[in-house]
Amino acid sequence: MGIAYSSLLSLSPCTATIHITGSSLFPYASKANPERVINSIFNHTNNICLANLQKPTKKFGSFSRFSHNSTCLGSKIVPLKCCGKVREMETQERILQKPLIDFHGIDEELVQKMVYDALVWSSLHGLVVGDKSVQRSGKVPGVGLVHAPFALLPMAFPESHWNLACEVAPLFNELIDRVSLDGKFLQDALSRTKKVDAFTSGLLDIHSKMLEINKKEEIRLGLHRSDYMLDEQTKLLLQIELNTISASFPGLGCRVSELHRSLLNYHGEHIGLDPRRIPGNTSVDKFAEALAKAWTEYNRPRALVMVVVQPEERNMYDQHWICAALKDRYPFNMQSSLSPIRKSLAEIDKEGEILPDGTLLVGGQEISVVYFRAGYAPTDYPSEAEWRARLLMEQSSAVKCPSISYHLAGTKKIQQELAKPNMLERFLENKEDISKLQKCFAGLWSLEDSDIIKKAIERPELFVMKPQREGGGNNFYGDDVRTNLVRLQKEGTQEDAAYILMQRIFPAVSPTFLVREGICHKDHAISELGVYGAYLRNKEKVIVNEQCGYLMRTKVSSSNEGGVAAGFAVLD
């Protein structure tokens, strides 16, 4: 995705001194220009019509604390303005977009001050994660805290594409629900993958058992995040993936929005940025609200919400923000309780049981809603105990977020299947809605497609090879794509069913400041927009279907992977 050389800004916590090293701001060395041939391979000729999108009108509330009145729901958002007069500098490998501010011209002392203020703000307002150098930081709250990695200043994003991402969120929510009800489609689409991927096989086995006993999920809750990049060549907002399990950072994402608003309230005039242009972010409150409504639909006031967590979780504070919102908005009383409990899969296996009527008990307490913040990766199932726990919860009458069918509906293979011509018509009726979703699809292919395999071997820099995994750090890029495709062809096994190919998206590059572990780096960066969605249904009644906040992540342009928790990106 390009070669960039960073300038390092090293911050001393006491004096906030910055030492600048490095070379010029835009040194790119590659001789190739992948965007030049994207149209010839992927043939994107569709144009997004944005003329009828409703304009946002709502103003922000208080800037000093998270405001429940500042939202980014439909017409209520205050989006980031388009970049105005944007001067593009064509390079050997990317289009470098001039940002809203002149990073060359920012006074060094001002950067020192902003970094220092940002670190203090993060410490005071819970923009924190566990410090990986402290052994107990993933187990004991309050031990070994460090600020979450963040961008010092907010990234610009075009208003029209922002509105589009918000507009299609409820459509993707509905699509996932429809797909989840088609058990035959899920089993058939993943049948080849099951033979070569033990993790997917384990999930499908549980799903198959639910089909055999005709298990119905009358109350269905989905807390999703759809991730996008804005392709510079085609000007299309293209979906990277749709997360249906453990959609992370609704808590810390809100904190970053508030951090940037705070910094711009104090320093915005000096750098020409208006804090009112930062969209309000209600993801943590909206997630908590959806969980509470699912609890209400379950209609057992003394039953609890259970958060399924990993035994060690450095990102626990993102999860605690949702739990805190539940406690604050729905306080404990003698008749009911929404105070969540946290359990690992191993603990659920030891403490869990199902009563004859389907009631799930864990540690003797009835569970109304199961909210998964674990269980999305093979490493979450180191033994049969964890698989037993997952099956136990699926067999119960508790509301699962997600259910096993929602989980499968979010896999990479299903994403690729849904992008096939005429496939959306199997699940949706409205032609206008189908068209909107299709325009968000990047090129996606099965490895059974010999023509696309040939093209990928010839031009591997234009593709990403993806396994059925979540969490970052799993994909193949560049020469690794060619190497693995050639290997699979020579071996002639069915291992190709474990992967899909995706069009590689090339967003514009902008200079920015990235802050990690108290050190500020000036580098070339690209950004990825995630839009959260909440969906709650009880039988035929749709109770919640809305877009509910956002997550912007930024990474250096030379990095292929993009996970914040995996160490590749920062919150923006």
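Quick note: residue numbers are just sequence positions, from 1.
Minimum interatomic distance between L488 and M465 (heavy atoms only, all atoms of both residues): CD1-CE, 3.6 Å. Between A498 and T193, the shortest heavy-atom distance links the atoms CA-CG2, 4.4 Å. Between L551 and G253 the shortest heavy-atom distance is CD1-CA, 4.3 Å. Here the closest heavy-atom approach between residue A419 and residue L444 is recorded as CB-CD1, 3.7 Å.
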Take T554 and I526, measure what side-chain contact (heavy atoms from CB on, under 4.5 Å) needs, and give me the verdict at the end. CA-CA 6 Å; T554 293; I526 57 177; over 6 Å; no
K184/D182 under salt bridge (charged side-chain N to carboxylate O under 4.0 Å, His left out): CA gap, chis, key distance, verdict: CA-CA 6 Å; K184 185 178 186 303; D182 195 334; over 6 Å; no
Begin from the C-alpha positions of V111 and L153 and carry the test side-chain contact (heavy atoms from CB on, under 4.5 Å) through to its verdict. CA-CA 10 Å; V111 175; L153 295 170; over 6 Å; no
D523 vs T512, test: side-chain contact (heavy atoms from CB on, under 4.5 Å). Steps then yes/no. CA-CA 6 Å; D523 216 322; T512 193; 5.8 Å; no
Step by step, would you call E528 with Y228 a side-chain hydrogen bond (donor to acceptor under 3.5 Å, both in side chains)? CA-CA 6 Å; E528 178 178 323; Y228 305 89; over 6 Å; no
Begin with the C-alpha distance, continue with both residues' side-chain angles, and end with the deciding distance and a verdict on side-chain hydrogen bond (donor to acceptor under 3.5 Å, both in side chains) for S446 and Q416. CA-CA 7 Å; S446 163; Q416 177 255 311; 4.7 Å; no
Can you check side-chain hydrogen bond (donor to acceptor under 3.5 Å, both in side chains) on Y499 and N484, steps first, answer last? CA-CA 10 Å; Y499 301 92; N484 282 279; 5.3 Å; no
Could you check F185 against F427 for ring pair (Phe, Tyr, Trp, His ring centres under 6.0 Å), going step by step and ending with a plain yes or no? CA-CA 11 Å; F185 170 75; F427 303 101; 5.1 Å; yes
Any chance you could lay out the salt bridge (charged side-chain N to carboxylate O under 4.0 Å, His left out) test for K420 and E417, step after step, and finish with the verdict? CA-CA 6 Å; K420 287 182 175 179; E417 288 289 323; 3.2 Å; yes
If you apply the rule salt bridge (charged side-chain N to carboxylate O under 4.0 Å, His left out), what do you find for E546 with K286, and how did you get there? CA-CA 9 Å; E546 62 183 358; K286 287 296 182 180; 3.8 Å; yes
S160 vs N163, test: side-chain hydrogen bond (donor to acceptor under 3.5 Å, both in side chains). Steps then yes/no. CA-CA 5 Å; S160 59; N163 283 336; over 6 Å; no
Could you please spell out the steps behind the salt bridge (charged side-chain N to carboxylate O under 4.0 Å, His left out) verdict for R553 and D572? CA-CA 5 Å; R553 286 168 295 176; D572 203 340; over 6 Å; no
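Atom CD of E432 is surrounded by 12 or fewer heavy atoms from other residues, nucleotides or ligands within 6.0 Å. Atom CG of D479 sits in a sparse spot, with 12 or fewer heavy atoms from other residues, nucleotides or ligands closer than 6.0 Å.
Using a 4.0 Å cut-off between a side-chain N of Lys or Arg and a carboxylate O of Asp or Glu, D433 and K431 do not qualify as a salt bridge. No salt bridge links E461 with R482; every basic N to acidic carboxylate O contact stays at or beyond 4.0 Å. Salt bridge R192/E448: present, at least one basic N to carboxylate O contact under 4.0 Å. Classification of K466 and E241 as a salt-bridged pair fails, no side-chain N sitting under 4.0 Å from a carboxylate O. Classification of E258 and R255 as a salt-bridged pair fails, no side-chain N sitting under 4.0 Å from a carboxylate O.
Side-chain N or O atoms of T200 include none that pairs as donor or acceptor with a backbone N or O of D197 at under 3.5 Å. Distance alone, capped at 3.5 Å, is enough to place a donor-acceptor pair between the D231 side chain and the F506 backbone. No donor-acceptor pair under 3.5 Å is formed between the side chain of H267 and the backbone N or O of L273. With hydrogens and angles ignored, the 3.5 Å screen pairs no side-chain donor or acceptor of T483 with any backbone N or O of D480. Put simply, the side chain of R220 never gets that close to the backbone of P402: no donor and acceptor are under 3.5 Å apart. Judged by distance alone, with hydrogens and angles left aside, the side-chain atoms of R225 form no donor-acceptor pair with the main-chain N or O of L242 at under 3.5 Å. Judged purely by atom type and a 3.5 angstrom limit, D318 uses its side chain to pair as donor or acceptor with the backbone of F249.
Once rounded to the nearest 0.5 Å, the distance linking NZ of K412 with CD of Q468 reads 7.0 Å. Of the inter-residue distances, the one linking L485 atom CG with D496 atom CG reads 9.5 Å to the nearest 0.5 angstrom. One finds the OG atom of S262 at 9.5 Å from the CD1 atom of I278 (value rounded to the nearest 0.5 Å). Distance check: L171 CG to C440 SG gives 9.0 Å after rounding to the nearest 0.5 Å. With rounding to the nearest 0.5 angstrom, the CD1 atom of I245 is 8.0 Å from the CG atom of D380. Separating the CD1 atom in I434 from the CZ atom in R426 is a distance of 13.5 Å, to the nearest 0.5 Å.
Between Y532 and Y550, the distance separating the two ring centers is not shorter than 6.0 angstrom.
Side chains of M552 and S527 form a contact here, defined as non-hydrogen atoms less than 4.5 Å apart.
Listed by chain and number, the residues in a ring-ring contact (aromatic ring centres under 6.0 Å, His included) with F150 are H147 (sequence neighbours excluded).
Side chains of S403 and S405: a donor-acceptor N/O pair is present below 3.5 angstrom, by distance only.
Ring geometry, H224 versus Y406: the interplanar angle falls from 30° to 60°, so the pair is classed tilted.
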